[in-house]
Engineer: 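First the structure, then my questions, so here it is.
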Amino acid sequence: MPRYFFHVFDDAVLIDDEGLELADAHAARTTALAAARGLMCDQVREGRLRLHHRIEVENERGEAVLSLPFGEAAGIDTRQP
């Protein structure tokens with residue numbers, strides 16, 4: 001199985017040196033979405049949300065697979081019920 005690395009760019013840069021073995025790039029995107037949403041929840045608990053923060057995914061050859069800004073990880077619905 002291929003290995004994917006998930007680098008987080010928020011208030012600090014966290015480089016993933018271990019990575020995860022996943023079936024394919026689609027599974028890597030699903031994993032990145034879940035991680036971004038979790039980090040966004042942490043931000044909201046602190047009273048802020050920075051949608052420009054991102055997770056970048058690389059494959060085991062060091063090639064960019066995905067750059068996921070937090071703003072693309074969830075929709076914001078401001079409509080009144």
Engineer: Can you list every pair that meets salt bridge (charged side-chain N to carboxylate O under 4.0 Å, His left out) and has a residue in residues 30-47, with sequence neighbours left out?
Structural biologist: D42-R45, E46-R48
Engineer: Would you mind writing out the side-chain donor-acceptor pairs for residues 61-69 within the sub-3.5 Å range, not counting sequence neighbours?
Structural biologist:
unit_1: R61; atom_1: NE; unit_2: E63; atom_2: OE1; d: 3.2
unit_1: R61; atom_1: NH2; unit_2: E63; atom_2: OE1; d: 3.1
unit_1: E63; atom_1: OE1; unit_2: N59; atom_2: ND2; d: 2.8

Engineer: Donor-acceptor pair, D16 side chain versus F6 backbone, under 3.5 Å?
Structural biologist: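 Yes.
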Engineer: Which atom names give the shortest non-hydrogen contact between M40 and A73, and what distance separates them?
Structural biologist: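 Shortest heavy-atom contact: SD-CB, 3.9 Å.
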Engineer: Check side-chain hydrogen bond (donor to acceptor under 3.5 Å, both in side chains) between D10 and all other residues, then give those that pass, not counting sequence neighbours.
Structural biologist: none
Engineer: Applying side-chain contact (heavy atoms from CB on, under 4.5 Å) to L51 and I76, what does each step give before you reach the verdict?
Structural biologist: CA-CA 11 Å; L51 299 176; I76 297 174; 3.8 Å; yes
Engineer: Taking only residues two or more places apart in sequence or in another chain, which ones pass side chain to side chain contact (heavy atoms under 4.5 Å, CB included) with A27?
Structural biologist: L22, D24
Engineer: Please enumerate all residues that pass side-chain hydrogen bond (donor to acceptor under 3.5 Å, both in side chains) together with D17, with sequence neighbours excluded.
Structural biologist: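 Once residues adjacent in sequence are excluded, D17 has no partner under the side-chain hydrogen bond (donor to acceptor under 3.5 Å, both in side chains) criterion.
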Engineer: Is there a chain of hydrophobic side chains (I, L, V, M, F, W, Y, each step under 4.5 Å between heavy atoms) that links L14 to F5?
Structural biologist: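 Unlinked, L14 and F5 end up in two clusters.
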Engineer: Nearest 0.5 Å, please: how far is CD in E60 from CD in E21?
Structural biologist: 8.0 Å
Engineer: Mind checking what makes side-chain hydrogen bond (donor to acceptor under 3.5 Å, both in side chains) contact with R29, not counting sequence neighbours?
Structural biologist: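 If we apply the side-chain hydrogen bond (donor to acceptor under 3.5 Å, both in side chains) test to R29, skipping adjacent residues, there are no hits.
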Engineer: Apply side-chain hydrogen bond (donor to acceptor under 3.5 Å, both in side chains) to E18 and list each qualifying residue two or more places apart in sequence or on a separate chain.
Structural biologist: none
Engineer: Flag yes if M1 and L20 sit in one hydrophobic cluster, no otherwise; membership is Ile, Leu, Val, Met, Phe, Trp, Tyr, and two members link when side-chain heavy atoms are under 4.5 Å apart.
Structural biologist: no
Engineer: Work out which heavy atom in I55 is nearest to a heavy atom in A32; give both atom names and the distance.
Structural biologist: CD1-O, 3.6 Å
Engineer: Looking only at heavy atoms, what is the nearest atom pair of A25 and Y4, with distance?
Structural biologist: N-OH, 3.2 Å
Engineer: Just grab all the side-chain hydrogen bond (donor to acceptor under 3.5 Å, both in side chains) pairs involving residues 68-81, residues at least two apart or on different chains.
Structural biologist: D77-R79
Engineer: Residues in salt bridge (charged side-chain N to carboxylate O under 4.0 Å, His left out) with E58, at least two apart?
Structural biologist: none
Engineer: Of the non-hydrogen atoms in Q43 and R50, which two are nearest, and what is the gap between them?
Structural biologist: OE1-N, 2.8 Å
Engineer: Given a cutoff of under 4.5 Å between side-chain heavy atoms of I, L, V, M, F, W and Y, with clusters grown through shared members, what are the other residues clustered with I15?
Structural biologist: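 When side chains under 4.5 Å apart are linked, the cluster holding I15 also contains F9, V13.
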